[in-house]
Number of protein chains: 2
Amino acid sequence: MTAASIAKDLRAAIRSGTYKPGDRLPSEAALMSNYGVARMTARHGLSMLKDEGLTVTRHGSGVFVRAFEPIVRDTTGAAVGDSTVTAETDETGAGLTVRTLAVTAEADPPEKVRTTLGLADGAKVTVRERLHLRERKPVLFATSYLPASIAAGTPIADQEVGPGGTHARLTEAGHAPVRFREDVVGRMPTIEEIEELRIEPGTPVLSVTRTAFTQDGTPVEVSYVVLDAGEFMLRYDIGG
Amino acid sequence: MTAASIAKDLRAAIRSGTYKPGDRLPSEAALMSNYGVARMTARHGLSMLKDEGLTVTRHGSGVFVRAFEPIVRDTTGAAVGDSTVTAETDETGAGLTVRTLAVTAEADPPEKVRTTLGLADGAKVTVRERLHLRERKPVLFATSYLPASIAAGTPIADQEVGPGGTHARLTEAGHAPVRFREDVVGRMPTIEEIEELRIEPGTPVLSVTRTAFTQDGTPVEVSYVVLDAGEFMLRYDIGG
DNA sequence: GAGTGGTCTAGACCACAAT
DNA sequence: TTGTGGTCTAGACCACTCC
């Protein structure tokens with residue numbers, strides 16, 4: 001019962017404000033003597049808080065109370081900042097930087113993508129991979145798939161899509177996306193995501209599958225977006 | 001490095017399908033002899049998988065690969081099933097049961113609620129607390145606040161709100177909600193949420209703050225919804 | 001160098017599950 | 001009763017941070 005009770009005490013202290021975001025918690029050695037327990041027990045108590053996302057540990061330095069100052073991502077997929085911003089721009093109002101990692105003009109789609117886009121066997125897709133950074137820390141990773149029959153040969157298949165992003169290019173090509181579906185799940189990150197987004201232990205990710213449709217209901221883009229849940233709030237405005 | 005490598009091996013085996021959802025992983029004793037490590041090391045390797053949400057442990061029985069068969073919750077807040085369903089009904093198409101835990105006709109609002117609803121100091125709110133269950137397992141907890149000036153004296157302040165739920169009653173009272181905002185964050189559950197929703201270790205929650213507005217932009221309801229992320233997918237259809 | 005967290009060992013006792 | 005996971009002890013060595 002002791003590891004759990006250490007966690008309970010510290011949790012209560014954090015909630016009550018005894019320890020504020022950024023503050024250092026007692027060291028393992030301190031907990032050992034305060035509670036008269038073995039080191040592994042003190043450690044286990046602290047690790048519970050880490051698993052709950054309440055704390056972050058810094059090797060050689062200490063255990064600190066975590067803060068949450070989310071980036072608000074609105075319905076359009078843009079981060080909400082000072083002014084209206086669009087996705088795919090270099091700098092959003094929320095201090096986000098977008099880095100285009102890779103663009104492939106023609107690739108074989110994963111089966112899931114092929115069926116979502118309603119493509120024939122053997123049809124190719126254009127793939128865009130992007131990483132969003134907040135003050136140099138990666139916070140969002142997105143992979144978009146578009147039918148190569150639409151995207152190849154347009155700026156969508158280039159490293160730089162130009163002003164307005166892929167949606168502007170799609171519109172110019174007569175495939176204006178007007179309807180979107182976002183499916184959101186929360187889960188713990190994979191090892192790859194932990195490395196890619198440098199995710200703190202105890203932090204889940206939000207996994208968003210976004211599909212864009214034209215007026216006649218044809219899907220023109222499917223995107224898989226993984227967001228560090230410690231950095232984001234998703235905002236959906238419905239109706240009006 | 002051994003605990004991590006045990007986790008790595010098992011993770012790879014799960015991903016490759018060697019162990020399928022529901023399968024039992026090797027016991028701690030088996031891992032000890034297979035890898036020639038101490039028990040705590042084998043345990044640590046297994047606990048990593050648990051923290052990643054890949055496995056569930058059953059005391060006295062074993063460690064099992066986890067499944068994910070999400071309930072789809074659509075934009076209206078209803079679970080998507082066989083037919084069109086509405087929130088607040090007893091049985092939704094997805095086999096969800098709604099239990100109304102408590103209804104308070106007049107209560108003092110938390111400060112956050114008071115400002116969101118734009119209430120004067122001292123104004124009261126009607127509070128509704130509901131729990132959704134999937135085959136007896138609680139999966140969603142919701143607390144709704146409405147201005148008592150609107151809700152008190154109507155069926156909204158009763159245990160049973162009647163057909164169509166609170167929104168139908170609000171509409172009848174001339175406060176039809178037509179616009180909604182949902183703010184979604186992912187995080188690890190609190191201890192209370194773990195108990196209330198019986199959440200598996202390594203499972204985050206989705207925390208949704210839902211605000212309903214009338215035609216003239218007046219907020220008429222704010223709801224705080226906590227969903228077991230191991231059970232739900234949120235679906236947002238935008239535009240059209 | 002002193003203090004911090006990260007990992008591992010070898011053993012103990014307890015609680016729960018299946019039989 | 002046997003095998004499983006849950007918890008704890010007491011000690012070791014390592015890696016990182018800060019002074």
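Reminder, nothing fancy here: chain letters follow the sequence lines and each chain counts from 1. Owing to the predicted nature of the structure, the values given are computational and were not obtained by experimental measurement.
Taking only distance into account, the side chain of A/Arg39 meets the base of C/dT7 through a donor-acceptor pair shorter than 3.5 Å.
Closest to the B/Ala3 side chain, of the nucleotides D/dA15, D/dT17, C/dC8, is C/dC8. The side chain of B/Glu28 lies closest to D/dG5 when the candidates are D/dG5, D/dT9, C/dT7. Of the candidates D/dT4, D/dT9, C/dG6, the closest approach to any side-chain atom of B/His59 belongs to D/dT4. Looking at the side chain of B/Ser27, the nearest of the listed nucleotides D/dT4, C/dT9, D/dG6 is D/dT4. When the nucleotides C/dT4, D/dG5, C/dA17 are ranked by their closest atom to the side chain of A/Arg24, C/dT4 comes out on top.
For A/Met40 and C/dC13, the CE to P distance is 19 Å, given to the nearest whole Å. In this structure, B/Ile6 atom CD1 and D/dG5 atom P are separated by 13 Å, rounded to whole Å. The interatomic distance linking B/Arg43 (CZ) with D/dT7 (P) rounds to 7 Å, in whole Å. The nearest whole Å value for the distance from the CE atom in A/Met48 to the C1' atom in D/dG6 is 10 Å. In this structure, the NE2 atom of B/His44 is 16 Å from the C1' atom of D/dC8, given to the nearest Å. Whole-Å rounding puts the A/Phe64 CZ to C/dG5 C1' distance at 11 Å. For B/Met32 and D/dG5, the CE to P distance is 11 Å, given to the nearest whole Å.
If A/Ala38 and B/Lys50 are placed on DNA chain D by their nearest nucleotide, the residue sitting closer to the 5' end is B/Lys50.
At the phosphate of C/dC8, OP1 or OP2 sits under 4.0 Å from a side-chain N or O atom of B/Thr2. Side-chain N/O atoms of B/Thr57 include one lying less than 4.0 angstrom from OP1 or OP2 on D/dG6. Note on B/Thr41: every side-chain N or O is 4.0 Å or more away from OP1 and OP2 of C/dT7.
Under the 6.0 Å cut-off for aromatic ring centres, A/Phe232 and A/His132 do not qualify, their centroids lying 6.0 Å or more apart.
A salt bridge links A/Glu231 to A/Arg134: at least one charged side-chain nitrogen sits closer than 4.0 Å to a carboxylate oxygen. For the pair A/Glu221 and A/Arg128, the salt-bridge criterion is not met [side-chain N within less than 4.0 Å of a carboxylate O].
Between the side chain of B/Thr190 and the backbone N or O of B/Glu193 there is at least one donor-acceptor pair closer than 3.5 Å. The closest donor-acceptor contact from the side chain of B/Asp228 to the backbone of B/Gly230 lies under 3.5 Å.
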